[in-house]
Amino acid sequence: EVQLVESGGGLVQAGGSLRISCVASGFTFDDWAIGWFRRVPGKEREGVSCISNSDGNTYYRDSVKGRFTISSDNAKNTVYLQMNSLKPEDTAVYYCAARPGLRIPSTWSLGWDYDYWGEGTQVTVSS
């Protein structure tokens, strides 16, 4: 059974940091890419970052570049999202998702072709 389980969310003040994790099971981790997405009620889902577990290439949405860092520990089947200098507008439920293939397309942030999704973890940034 394929599972993606997020953890590490919480409440933090603006300017603070959080690291959220996504533990994957049930598929060959190295052959997939993992993306982080976020959703605020009433708004469109946003692609935040993505990493290829085969070559380590990473991608970020513009608003988080320089603040967020995605990384992967293939031995632990875990992807992390280190979030620094958090802003109230980063408040959302964060989801990880897995897509097959060794290359990440330019459309990675749209959420297409991701076969598996986690249940999400809430990140709240207070002003």
Side-chain angles (χ1 to χ4, degrees):
E1 179 189 6
V2 173
Q3 277 193 317
L4 296 172
V5 180
E6 303 94 337
S7 63
L11 174 64
V12 64
Q13 287 188 329
S17 299
L18 274 178
R19 189 179 77 162
I20 56 178
S21 304
C22 171
V23 179
S25 61
F27 60 93
T28 306
F29 191 71
D30 293 6
D31 295 338
W32 290 60
I34 303 293
W36 282 101
F37 294 81
R38 64 189 182 188
R39 175 171 275 161
V40 175
K43 293 189 176 181
E44 293 286 323
R45 179 183 62 200
E46 295 180 337
V48 177
S49 184
C50 190
I51 186 168
S52 167
N53 288 325
S54 62
D55 59 19
N57 285 338
T58 59
Y59 302 82
Y60 299 92
R61 69 180 296 107
D62 286 346
S63 63
V64 307
K65 285 180 180 177
R67 300 189 298 121
F68 290 11
T69 302
I70 192 171
S71 61
S72 180
D73 185 338
N74 287 22
K76 296 182 178 180
N77 281 12
T78 301
V79 171
Y80 305 98
L81 186 67
Q82 177 68 45
M83 303 183 291
N84 300 328
S85 302
L86 282 161
K87 303 175 181 180
E89 52 263 42
D90 294 318
T91 295
V93 178
Y94 283 71
Y95 301 87
C96 64
R99 58 171 293 129
L102 303 181
R103 294 184 61 190
I104 299 175
S106 60
T107 56
W108 68 267
S109 64
L110 298 177
W112 299 346
D113 301 325
Y114 288 81
D115 289 354
Y116 305 110
W117 292 79
E119 295 293 318
T121 186
Q122 176 71 47
V123 172
T124 302
V125 184
S126 63
S127 57

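Predicted, not measured: the structure shown is a model, and the values here were computed from it. When reading the values below, keep in mind they use all heavy atoms of this one structure, side chains included, and skip hydrogens, waters and symmetry mates. All residue numbers in this chain count up from 1 along the given sequence.
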K.L.:
Mind checking whether Phe68 and Ser49 have side chains closer than 4.5 Å, heavy atoms only?
P.N.:
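Not touching, per the 4.5 Å side-chain cut-off.
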
K.L.:
Angle between ring planes, Trp117 versus Tyr95, binned at 30° and 60°: parallel, tilted or perpendicular?
P.N.:
perpendicular

K.L.:
Does Arg99 make a cation-pi contact with Tyr114 (under 6.0 Å, within 45 degrees of the axis)?
P.N.:
yes

K.L.:
Between Ser52 and Asn57, does any side-chain donor sit less than 3.5 Å from a side-chain acceptor?
P.N.:
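Ser52 vs Asn57: no donor-acceptor pair found between side chains.
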
K.L.:
Within this structure, what is the CD1-OG distance for the pair Ile104 and Ser109, rounded to the nearest 0.5 Å?
P.N.:
11.5 Å

K.L.:
Do Tyr59 and Ile70 share a hydrophobic cluster, counting only Ile, Leu, Val, Met, Phe, Trp and Tyr and linking them when any side-chain heavy atoms are less than 4.5 Å apart?
P.N.:
no

K.L.:
Restricting to non-hydrogen atoms, name the atom on Thr91 and the atom on Val40 that form the minimum distance, rounded to 0.1 Å.
P.N.:
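Looking at all heavy atoms of both residues, the closest pair is O-CG2, 3.1 Å.
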
K.L.:
Between Leu81 and Val12, is there a shared hydrophobic cluster once you connect ILVMFWY residues whose side-chain heavy atoms come closer than 4.5 Å?
P.N.:
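Shared cluster, yes.
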
K.L.:
Answer whether the closest heavy-atom distance between the side chains of Phe29 and Ser72 falls below 4.5 Å.
P.N.:
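They are in side-chain contact.
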
K.L.:
Do you reckon Phe27 sits in the same ILVMFWY cluster as Val79, going by side-chain contacts under 4.5 Å, direct or chained?
P.N.:
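Yes, same cluster.
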
K.L.:
Looking only at non-hydrogen atoms, find the nearest pair between Leu4 and Ala24 and report the distance.
P.N.:
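Result for this residue pair: CD2-CB, 3.5 Å.
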
K.L.:
Give the intermediate values and the outcome of side chain to side chain donor-acceptor pair (under 3.5 Å) for residues Ser71 and Asp73.
P.N.:
CA-CA 7 Å; Ser71 61; Asp73 185 338; over 6 Å; no

K.L.:
At their closest point, which heavy atom of Trp36 faces which heavy atom of Ser21, and how far apart are they?
P.N.:
CH2-O, 3.5 Å

K.L.:
Rounded to the nearest 0.5 Å, what's the gap from CG on Asp113 to CH2 on Trp108? Could you check?
P.N.:
14.5 Å

K.L.:
If you compare all heavy atoms of Ser63 against all heavy atoms of Arg38, which two are closest, and at what distance to 0.1 Å?
P.N.:
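Closest pair (atom of Ser63, atom of Arg38, distance): OG-NH2, 3.7 Å.
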
K.L.:
Any non-hydrogen side-chain atom of Asp90 less than 4.5 Å from a side-chain atom of Met83?
P.N.:
no

K.L.:
Please report the interatomic distance CD(Glu119) to CD(Glu6), rounded to the nearest 0.5 Å.
P.N.:
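These two atoms lie 7.5 Å from each other.
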
K.L.:
Looking at every non-hydrogen atom in both residues, tell me the closest pair between Asn84 and Ser17 and how far apart they are.
P.N.:
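Scanning both residues completely, I find the closest heavy atoms to be OD1-OG, 2.9 Å.
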
K.L.:
So how far is it from Ile51 CD1 to Cys96 SG, rounded to the nearest 0.5 Å?
P.N.:
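Nearest 0.5 Å value for the CD1-SG distance: 12.5 Å.
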
K.L.:
Can you hop from Leu86 to Tyr60 via hydrophobic side chains spaced under 4.5 Å?
P.N.:
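Shared cluster, yes.
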
K.L.:
To check you understand the geometry: which heavy-atom pair defines the closest contact between Leu11 and Ser126, and what is its length?
P.N.:
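So the two residues come closest at CD1-CB, 4.3 Å.
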
K.L.:
Run the ring-centre check on Tyr116 versus Trp32 and record whether the distance is less than 6.0 Å.
P.N.:
yes

K.L.:
Working to the nearest 0.5 Å, report the span between CG of Asn53 and CG of Asn74.
P.N.:
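The CG atom of Asn74 is 5.0 Å from CG of Asn53, to the nearest 0.5 Å.
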
K.L.:
Working note: Asp62 + Lys65, criterion salt bridge (charged side-chain N to carboxylate O under 4.0 Å, His left out); need CA distance, chi angles, decisive distance, verdict.
P.N.:
CA-CA 5 Å; Asp62 286 346; Lys65 285 180 180 177; 3.1 Å; yes

K.L.:
As an exercise, state the distance from OH of Tyr80 to CD1 of Ile34, rounded to the nearest 0.5 Å.
P.N.:
13.0 Å

